[in-house]
Amino acid sequence: MTPFLPITPLLPDILASLAERPRLVLEAPPGAGKTTQVPLALLDATWLAGGRIVMLEPRRIAARAAAAYMAAQLGEQVGETVGYRIRFESRVGPRTRIEVVTEGILGRMIQQDPSLEGIGAILFDEFHERHLAGDLGAALALDVQSGLRPDLRLLVMSATLDGERIARWLDAPRLSSPGRSFPVSITHSPVRPQETIEQHLVRTVRQALREHPGDVLAFLPGRREIERARSMLEKQGDDLEVVALHGELSLAEQQLALSPADAGVRRVVLATNVAESSVTLPGIRAVVDAGLAREPRFDPPSGFTRLETVNISQASADQRAGRAGRVAEGAAYRLWPQSRRLEPSRTAEIEQAELSGLALELAGWGSDNLPWLDAPPAGAMGQARDLLRRLGALDEASAITRLGRDMLALGATPRLAAAALRAAPERRALVADLLALTEARSPLRGEQGRTDDFRQRVAALHLWRDAGARGARAGSADIGALAAIEKASAGWRRRLEIRSSASGVPDSHAVGDLLVHAFPDRVARRDEGQPMRYQLANGRGARLHEASALLGEPWLVILDLRLDARDSLVFAAAPFDPEVLERDHADRFVTERVMRWDDERQIAEAFEERRFDALVMSRKAIPLRGDDAVPALLAGIRARGIGSLPWSDNARRLRARIGALRVWRPELHLPDVADATLLQSLESWLSSYLSGKRRLEALQAAELSEALSSMLDYEQRRALDVHAPEELKVPSGMTRRLEYGTRDDDPGAPPVLAVKLQELFGLADTPRVGDGRMPVMLHLLSPAGRPIQVTQDLAGFWNRTYPEVKKELKGRYPRHPWPDDPWTAAATHRAKPRGT
DNA sequence: CTCTCCCT
């Protein structure tokens, strides 16, 4: 029984291509039949020589379904010619030739047998989804093919996107198949001012219901938006069934959403990305797409992953629209302007995800020089290796340890694998529960702040397990979720070779003490002053929800939190006994001498601190030695500003002169003495003058001047004396002070020479400084010292202004000389004696 | 006002 599907005419070409070249890219849209037809078609290929075919699927449901469909086509049971393997579940037999496996399984197969003996071909289905495990599997398979197994066939199957890039990467030919779907018309529905995305969506859903028959599928980024849109739609009281569909619903609830609606009732399904590929929906004729999705972004500094709401890719938008054309012609309404440019496809997971699992696989493989389509980013890899070293999976040279090999074989995330393998034998039953619970969504329902104590999840599981036979309820927990968690826990117990399962309420620290081995970088201690706040070992801060069940716990190991720049919120944590740190993580403790500036007391202090990473476990004051306090004093100056130094007039003037001459004569390369620069370079110019001091007050004004002066070499100091002098000799024979600018933003302003005009008789031109480049700014004064004129042009003053000034002031100051010819008159700084 | 989807 071989059905005719769009892919069918292409099957001979696929066989022929793989006979000639060992790699091939096959582009085929959903509905073409590639998943079920291609593996069967390859079975009799001569080059396969009786070997097995392995096909990777990104989802367990898809792996099971593909195997079942193919077995039925052969008229067999699953486990005969066609079988599948997913975690904790294997249906393969001695005659099995086609193994459908989930992406993570291939890593285990290759690590166990790098030659992949008996396997003739590997098929990567839905490769365009670009999951971490799929990318890794493909890179490892290519490595195997180029070394040990040149005869191995690799077939990458992808929806029609980026096929060309994939083909170039593989150096492989490309074949394309049509799909089977109906045309979908696209409409862009513009947003109105002040409209929320839910309002926009609801308005457009109503438009779709008016314009098209059948049911409507609407895409929103998350559960919160779905709930809001649902209540808006329900309020409108139409003869309408509104159904939510997101991953947090139990499987039973999801089934309900997918079952056919009652006759005569039109249905609106409000969905997240679940509906993009994982489930089939009957009766959908119109799609309304908000164009948004939530994607995880790893934050390397904190080691946590957070969700971001982002615009979807073009591929994703097409996939969503395609959902309207599965049964008949359909329509898609896009809630973004047609002018918006979408990325062609989603960023590969390997570029954004936490990579400790990948790094461990690579360490096990012994090489990270693989033929990647997109290489893992170096920063995230570095962070991943740091974590693996911390967990004991890698040694100092980043080579895999014995524990690392065991972790790899266990097949759990590196964090939980480390905790599982370090646990005492009598704790392993509890470890199996923790493995299952940390990988699952919380089974607890109810007010959110009160479910952050991870022990509650363990208790709910145990309560349900202990009372299961009697059919008792598990408090406010989701029974379906608990059943799934118990299934996973049983799988871990088998793998860990434990017979019994844990029960009852574990003692208060049992859970946390185990989890410390998984999250040693996230142990946290309560702030003494603020009991809701905690300091993490990685240096970050976090706070508890006001209604938290964990209030009052002095020590927490934090599993999950919402990342925030200032105050992250704890979602899941467990208390533990700090003794565990001393006993099992002794190597992470350091004892250090620490200097600190006490701003209140204006004094440098020395401590001996014992720390676990960023957590100060104990601190005692110790006496200061020699220059110990210098860094703390410098920190104190930085905290209080450059003005906190003991600036004398002398020091201020020196600094202004240096700043001015630096502008006038750049070729002298004088140091920059602006506030910010001086603060930055304190170490180089001030340190030695702080030696042996403990308080800032101990720095003398003279020492500051000396420190400034010592920034200049001999030549520079001489140039400063000559070209930016402190004072000038004027024709009266007196020396008068030059006032240099003190403004940081204009250090090269001309210096001011304030002088009575009688003292300048005989001087034709403005005096200059800066090697003749800068005329001084004259403040010409009356005999009484009152300002008459500000000018840099003395000749112009004598010529134009002096005659006026003379007329005006001669009567007022009769005992002072007012000659007609100031150029030749004798300068003087005093008045004529009385009576002459 | 807590969280898309998956997997060894």
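Chain letters run A, B, ... following the sequence lines, proteins first, then strands; residues in each count from 1.
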Find out whether the Lys NZ or Arg CZ of Arg522(A) is both under 6.0 angstrom from the six-membered ring centre of Phe304(A) and within 45° of the ring's axis.
yes

Look at the side chain of Arg59(A) and decide which nucleotide, out of dT2(B), dC5(B), dC7(B), has an atom nearest to it.
dC7(B)

Considering every strand and a 4.0 Å limit on heavy-atom distances, what is the contact class for Thr413(A): base, sugar-phosphate, or nothing?
base

The side chain of His545(A) lies closest to which of these nucleotides: dC3(B), dT8(B), dT2(B)?
dT2(B)

Nearest-Å distance for atom pair CD1/C1', residues Ile226(A) and dC3(B)
12 Å

Any side-chain N or O of Thr272(A) below 4.0 angstrom from OP1/OP2 of dC5(B)?
yes

Across the strands shown, which category fits Leu569(A) at heavy-atom distances under 4.0 angstrom: base, sugar-phosphate, nothing?
sugar-phosphate

Figure out the CG/P separation between Leu444(A) and dC3(B), and round it to whole Å.
17 Å

Shortest side-chain distance from Arg60(A), nucleotide among dT8(B), dC5(B), dC3(B):
dT8(B)

Using a cut-off of less than 4.0 Å, is there contact between a side-chain N or O of Arg346(A) and OP1 or OP2 of dC5(B)?
no

Rounded to the Å, how far apart are Leu220(A) CG and dC5(B) C1'?
16 Å

Ignoring backbone atoms, establish whether Arg87(A) has a side-chain N or O less than 4.0 Å from OP1 or OP2 of dC7(B).
no

Out of dT2(B), dT8(B), dT4(B), whichever nucleotide has its closest atom nearest the side chain of Leu307(A):
dT4(B)

Val274(A), nearest nucleotide to its side chain (from dT8(B), dT4(B), dC5(B))
dC5(B)

Of all heavy-atom pairs linking Leu292(A) and Thr309(A), the shortest is CB-CG2, 4.2 Å

Looking just at side-chain N and O atoms, do His131(A) and Glu103(A) make a donor-acceptor pair shorter than 3.5 Å?
yes

Identify, with sequence neighbours excluded, every residue that meets salt bridge (Lys or Arg N to Asp or Glu O under 4.0 Å) alongside Arg428(A).
none

Arg108(A) (side chain) and dT8(B) (base): donor-acceptor pair under 3.5 Å
yes

Under the ring-ring contact (aromatic ring centres under 6.0 Å, His included) test, which residues partner His517(A), sequence neighbours left out?
His585(A)

Remember a base hit wins even if backbone is also touched, and classify Ile86(A) as base, sugar-phosphate or nothing at under 4.0 Å, heavy atoms.
sugar-phosphate

note: Leu408(A), atom CG; dC7(B), atom C1'; distance rounded to Å ~ 15 Å

By nearest-heavy-atom nucleotide on DNA chain B, the more 5' of Asp560(A) and Glu349(A) is Asp560(A)

Phosphate OP1/OP2 of dC1(B): any Arg224(A) side-chain N/O under 4.0 Å:
no

Nearest whole Å is fine: how far is dT8(B) C1' from Leu435(A) CG?
12 Å

Check the distance between dC6(B)'s P and Ile61(A)'s CD1 and give it to me in whole angstrom.
7 Å

Just checking Gly222(A): base, sugar-phosphate only, or nothing, at a heavy-atom cut-off of under 4.0 Å?
sugar-phosphate

Using whole Å, what does the distance between atom P of nucleotide dC7(B) and atom OH of Tyr84(A) come to?
13 Å

Arg223(A) side-chain proximity, nearest of dT8(B), dT2(B), dT4(B)
dT4(B)

May I ask you to say what Gly104(A) touches in the nucleic acid, namely base, sugar-phosphate or nothing, with a heavy-atom cut-off under 4.0 Å?
sugar-phosphate

With side chain to side chain contact (heavy atoms under 4.5 Å, CB included) as the test, pick out the partner of Asn273(A) among Glu295(A), Gln319(A), Arg320(A).
Arg320(A)

Map Arg495(A) and Asn273(A) onto DNA chain B by nearest heavy atom, then report which one ends up closer to the 5' terminus.
Asn273(A)

Separation of Glu439(A) atom CD from dT8(B) atom P, in whole Å?
9 Å

